[in-house]
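One structure below.
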Amino acid sequence: MIQQISPIPTGMIETQTIEVSIGPQHPSTHGVFRMDAVLDGETVVGLKPVMGYLHRNHEQLAERMTWLASIPYTDRLDYFNSMTNNWALCLSVEKLAGIKVPERAEYIRVIVSELTRILNHSCVIGFMLQDLGAWGTPLLYAFREREKILDLFESLSGARMMCNYMRFGGVRVDMTDAMVAQAKDIVAKFPRFLDEFEQLLSNNEVLLARCQKVGILPKELAINASISGPMARASGVDYDIRKVDKYGVYGRFDFRVPLGEVGDVYDRYYIRVLEMRESIKILNQALRDLPAGAFVAPEVKLRNFKIPPGDGYGRVEAPKGELGFYLVSDEGGKMPYRYHCRPPSFINLTTLEDMCLGHKVADVVIILGSVDIVLGEVDR
Amino acid sequence: MDYAFWTISGITVLGALLAVTLRNLVHCVLSLILFFLGIAAHYFLLRADFIGAVQILIYIGAVAVLILFAIMLTRNVTGEAGPQEVVGVKWWIGSLCAALTAGLISFAVRADSVAETLSPGPKATVAVADIGKGFVGNWIVPFEAMAVLLTAALIGAVVIALEEVRNRR
Amino acid sequence: METIYQLIAGWFAGKPEWLPLAIAIAVPILFIVGVYPAIFAYTTLVERKALGRVQNRYGPNRVGRWGILQPLADGLKLLTKEDIVPRDADKFTHFLAPVIAVIPSVLLFAIVPIAPGLVPVNLNIGILFAFAISTASVLALFMGGWASRNKFSLLGAMRAVAQVVSYEVPMVLAAVAVVMAAGSLSTLDIVKAQTRGGLEIAGWFVFQPWGFVGFVLFAIGAMAESARTPFDIPEAESEIIAGYHTEYSGFKFALFQLGEYLAAIAMAGITVTMFLGGYLGPGIHIPYIGGFIAAFWFFLKLGCMILLNIWIRGTWPRVRVDQLMGFAWKVLLPMSILNIAVVGLWHFMGNKVLAWGVTAAILGLAFVILAKISAAGNIEKRTYRYAN
Amino acid sequence: MGFLGKGLFQGMAVTARNFVGTYFDRGTREKLVTYQYPEEKPPLPENSRSFPFLVYDGTPDAMRCVACKICETECPPQCIYIVMDRDEKGKPQQRPKVFDIDISVCMQCQICVEVCPFEAIKMDNDYEKSQYGRFDDLIEHLPDLLKSNEYYNEIKPTEAKAVDAKLKAEAEKKAKKGTSKPAAAAPAKPAAPAPAPKPATAPAGKITIPEDAPFTAEQRAWLAGFLSAGGVATSGTGVSPVAVAETTGETPVPLPEATPAAEAPAGGWPWHDPGLGMSQRMDLVKAAPLADKLMAAMAQTDCHACGYDCRGYADAIAAGSETDLSLCLPGEAETAKKLEELMKEAGKL
């Protein structure tokens, strides 16, 4: 059933492997996720991820409701990053319906998405350190900073996590000057927090010893398994949809894409740190250049919004990787005929076994932590 | 003193009996530990604090734990040990050995010199310093011989372990 | 015990002779089972509050002012919780494990002196007794893990056994250096050996190079023995849920916690005794109140050690099981053996200033070499490139 | 890299700074971010949302909701349940009899607020809705949901002010249109009590013409129709789908397809009274053009559930540009059936 590597050599001390079910109730599976691990002592010789405990029928639900009503459901996919989820769906629908998004809306979308990215990356590092046994200290520092971003999201969209903020053709609420000032304040203070974070972690010998050369994902495997996001970039794959597609107004910003060499847990950690720094660069530019104007395309209706028959795929660089929605509209066009979501968490998780084999149990949890999954998105 | 002696002796013998009669291997080891503890208590009773502490340190802290570790590594630790032959050839051989040992010890105890040394009293207290001086004084040759032997054993164990690791790779 | 006996023997001249003896035995026992568990209870509170502050939180502050009654509330809650024993568990062993977890931890306090002459039992093999007893605590971890019939518990038990046995070695060797310098195994003698020229601070072993290294080795070993972060792998919650006490609930769980914390506190006490001058400090020779001042110094140092433990717990991630073993055998063990040799050198060098420099140089060099050997293969400095 | 262990001590310096920092963080929440919840609560931004509530003006009877069921249809998790009120004769009243929100299902997405053309449902700030029961306690019924406009003004001042201004403007427009026309057509209007102190918000269903008023049946029907149109207050331009637009000072985005309110035909719109039964309305429009017939069959609340106002929808169907006959939500199945019937009669289906 489960593939085993390094069979026990005969003629030596007879040892037994034990099969351990890590999850679905486990402190570090980030939700209801299960790994069926075969252990030889502490070493993992077989591992099978088991998913589906949180299946919520997202795609079929969306096929039975209007385009608009799917937006709040995308919030619940990756509940850390509702903004980018919204954007992915809106981008797909806008592509399909041929809606032009006003300038200001595009900039606001960039701002909230990049804030989401730094929020997500800092918390992921926190969670990973939690898995490393740091008693949540980095996590709570990350939460402390996240709080400020969530405050901004709340004053902007009304909710802290389930923002439901974007609409086809723009965003729901305009960003007032006060909110822009709030965002500028957050962006100005964030590098200081990052420095503190790095001082706490980046040179910590225990972290280095735990993370380096653990859970290596080779570049070829990353490409073949269609890994995306920071995980692919940590393996040295130069693939960032913000650069590849230049969707929205990303073509106008000056930022770089950091790439890792080894593709281990430490690279995945540090790529995220570097990406946060790049996100801050984008945020500074976006907040500086934020144009005036409409924040939502005026021709888009809320009710009886219909899309002519056709299909389209829109994708964004979500903090976890490529998040895309493939949508088919048929006659009538009030609701999707087919609605497919390409979740980065799920696809990034497919290489878990390759990364874990031969490592210790303790490494499995940090490898899982470094993959950065949210079960809402894995199971949908 | 007598009450303490008899109580501790009872516990020790009980531990020893349980260690050989229980069917579950881990239970056997735990009983064995009880027995070791009883022996250590006897040492304390005889005012041989140092030997008592060493008894706990080595027999409970090292030997018993090593046995436990060996059981955990080699047997199905979560399950029962399986059917075991309780009374058989091995049992008789063991009983014979036990009887011989008991006879030998009782003979030795009856001999005057040993009995005198073991008689309780302040004179018999063994100071740590005396032991130390004994090791590097009168008994230096056997002590060093033992040290060399143990070091050789240690190195041998490392070599075997390294070979196993190499074979695995 | 002896001090108390001498003190009160005179008062009971006409009474039966066993009475002063019984009192002399009872007082230290009551002290140990009364004061140290109270310290344990408030250590948990202090730990939670300090960890909270480290993590920018308040920590417990609901039960009583500053959360003062929190330990009571915790105890009550644990007492009233349902005691769950897994169906397939080995019931007797499962029951016995938490009991055994507490006993060695309490026994450890018997040799920790808190004031001049005031030690519950002045054993002439004091330190050896402590090590002998503390090895027994591993049995509790093993029994708890094995009896639960849970694979995670079993993994935790195996880790605990391997870890405690491994760290015992460098710890004992670090203590051997102290015993050599003090010339005695008795804890009272060790404390007395740390006075020098009437000064109560300068003679502490921690201020000598070998003493400092020994202190670090011993503190690391003590942390590992009592399974504190970053060596808490027997109960690493992110990996094996709660290790050996996964299947324990209610008061049995509390007993495990009690045993673990008491062991940590006792180990901190022994560290203080061996390296930080025990109860030594200014003012301990003042008549009448000198004893109280000494006890104050002892508990102050003890508190500092506990706080250091908490601080480390709040900062460092946990090491991996193979790194843990490697660290014990490849770094701590050579260091501790070298340390013993260095103590010999120190003992036979007449000029202490010169000896200080020489030993410091030797130990520093050894540390650098060991660090290079052990870390070279694992840790590397990385630079990252950016895509065009 | 310095010596081994340097990183560990750097980390300890960071945690020590944070430890000490929390003791010198007096209310700035830079280091000590926790809100100690029951005693202190974080200030909620105006946009903050928890669960929906229904706005009424003045008394709870004067609710803005007309039971048009748009929110019920658009609600993504379908947690709203509405039953339109009917009088004893079974005539539909423009108000809900049952309005339930299952707050254990509600996901606080605010879509009901956005789609409501009557500014009747709004998001509350109150997040403390814990209940002991798992089932019935977590369903909010109409009395729980109704909250006054003053309360709305209190929790969301900017947004509510904008909404009030908008409603007032519409009501004035309506009133102007209403008074100019009928004043010419029917000068005898002694009992026109309609838009007295709060013209914008007086719901039509509430104003009933006294039984002893000196009107003929035809006049009576006309009056009722007029009053209901005036009270409901939404016609044509000015209704923004993006209700919150006003709060942020942006110009409201007009509905592009919203046709200007058609001028009343010379004879008035006597059939323009959803209070009348379907057959009565059909009788009244026997001679009217198809578009009028179609409109008479609708609920005529101008709720925009179909994406038009009622006139626009009727015109679109009559012109053949709209083929979906099931869009009138407040009319329920009855309207859909009648529309189909009418279109079949007209030979267009």
Side-chain angles (χ1 to χ4, degrees), chain A residues 61-62 65-66 68-73 75-76 134 137-138 140-141 143-145 147-148 151-152 154-160 162 164 167 170 172-176 179 189 196-208 294-306 332 334, chain D residues 1-2 4-8 10-15 17-18 29-34 42-50 70 73-78 107-111 114-115 117 123 125 240-242 244-245 247-251 253-257 303-308 324 327:
Chain A
L61 272 179
M65 56 178 68
T66 57
L68 173 71
S70 302
I71 296 181
Y73 277 103
D75 289 343
R76 274 92 182 152
T137 306
L140 281 155
Y141 292 170
F143 271 20
R144 187 186 70 204
E145 299 306 311
E147 203 65 10
K148 293 167 188 161
D151 281 346
L152 174 68
E154 191 182 12
S155 56
L156 192 58
S157 71
R160 300 169 74 79
M162 306 295 139
N164 184 20
R167 288 287 174 268
R172 207 183 69 217
V173 186
D174 193 19
M175 212 169 178
T176 60
M179 293 173 195
K189 279 181 182 160
E196 188 190 25
F197 213 50
E198 276 210 71
Q199 201 192 350
L200 177 63
L201 302 175
S202 292
N203 290 325
N204 190 314
E205 278 80 0
V206 177
L207 183 129
L208 290 168
F295 59 91
V296 66
E299 74 273 12
V300 182
K301 317 184 267 183
L302 271 180
R303 288 193 303 279
N304 293 320
F305 176 74
K306 287 174 193 163
K334 279 182 80 174
Chain D
M1 169 184 273
L4 188 76
K6 187 178 152 204
L8 295 175
Q10 276 180 354
M12 287 181 77
V14 171
T15 44
R17 265 207 305 279
N18 275 287
R29 297 194 195 278
E30 272 298 312
K31 288 271 185 255
L32 204 51
V33 287
T34 319
L44 290 176
E46 195 185 324
N47 279 344
S48 149
R49 55 182 209 244
S50 65
I70 294 178
T73 335
E74 294 284 338
C75 177
Q78 308 191 341
M107 61 183 190
Q108 314 177 356
C109 63
Q110 207 177 348
I111 280 183
E114 285 168 63
V115 297
M123 294 308 274
N125 273 350
S240 163
V242 190
V244 266
T247 67
T248 50
E250 282 292 315
T251 47
V253 186
L255 270 182
E257 68 284 346
C303 68
H304 294 83
C306 50
Y308 310 85
D324 193 344
L327 290 179

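Per chain, numbering begins at 1; letters A, B, ... match sequence-line order.
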* To do: For residues Asn164(A) and Ile71(A), report the shortest heavy-atom separation together with the two atoms involved.
  =>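 Shortest heavy-atom separation between Asn164(A) and Ile71(A) comes out as OD1-CG2, 3.3 Å.
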* Asked: So, for Glu74(D) and Ile111(D), which heavy atoms are closest and what is the spacing to 0.1 Å?
  ->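 Shortest heavy-atom contact: O-CG2, 3.9 Å.
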* Going through the distances and angles, do Ser70(A) and Met65(A) end up as a side-chain contact (heavy atoms from CB on, under 4.5 Å)? -> CA-CA 7 Å; Ser70(A) 302; Met65(A) 56 178 68; 4.1 Å; yes
* Options Arg17(D), Arg49(D), Gln10(D), ranked by heavy-atom pairs under 4.5 Å with chain A, top entry ->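 Of Arg17(D), Arg49(D), Gln10(D), Arg49(D) has the most heavy-atom pairs under 4.5 Å with chain A.
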* To do: Let me know if Pro42(D) has heavy atoms under 4.5 Å from chain A in its side chain, its backbone, both or neither.
  =>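 Pro42(D) has no heavy atom closer than 4.5 Å to chain A.
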* Tell me, for Thr15(D) versus chain A, whether the close heavy atoms (under 4.5 Å) come from the side chain, the backbone, both or neither. =>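 Both parts, backbone and side chain.
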* Side chain, backbone, both or neither: which part of Leu156(A) has an atom under 4.5 Å from a heavy atom of chain D? ->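 Leu156(A) touches chain D through backbone heavy atoms alone.
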* To do: Sort Glu147(A) into side chain, backbone, both or neither according to what part of it lies under 4.5 angstrom from a heavy atom of chain D.
  =>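 Neither the backbone nor the side chain of Glu147(A) comes within 4.5 Å of chain D.
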* Taking only Lys NZ, Arg NE, NH1 and NH2, and the carboxylate oxygens of Asp or Glu, determine whether Lys189(A) and Glu145(A) approach each other closer than 4.0 Å. =>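 The answer is no: the pair does not qualify as a salt bridge.
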* To do: Answer yes or no on whether Arg76(A) is positioned over the face of Tyr73(A), meaning its NZ or CZ is under 6.0 Å from the six-membered ring centre and within 45° of the axis.
  =>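 Pair Arg76(A)/Tyr73(A) does not count as cation-pi.
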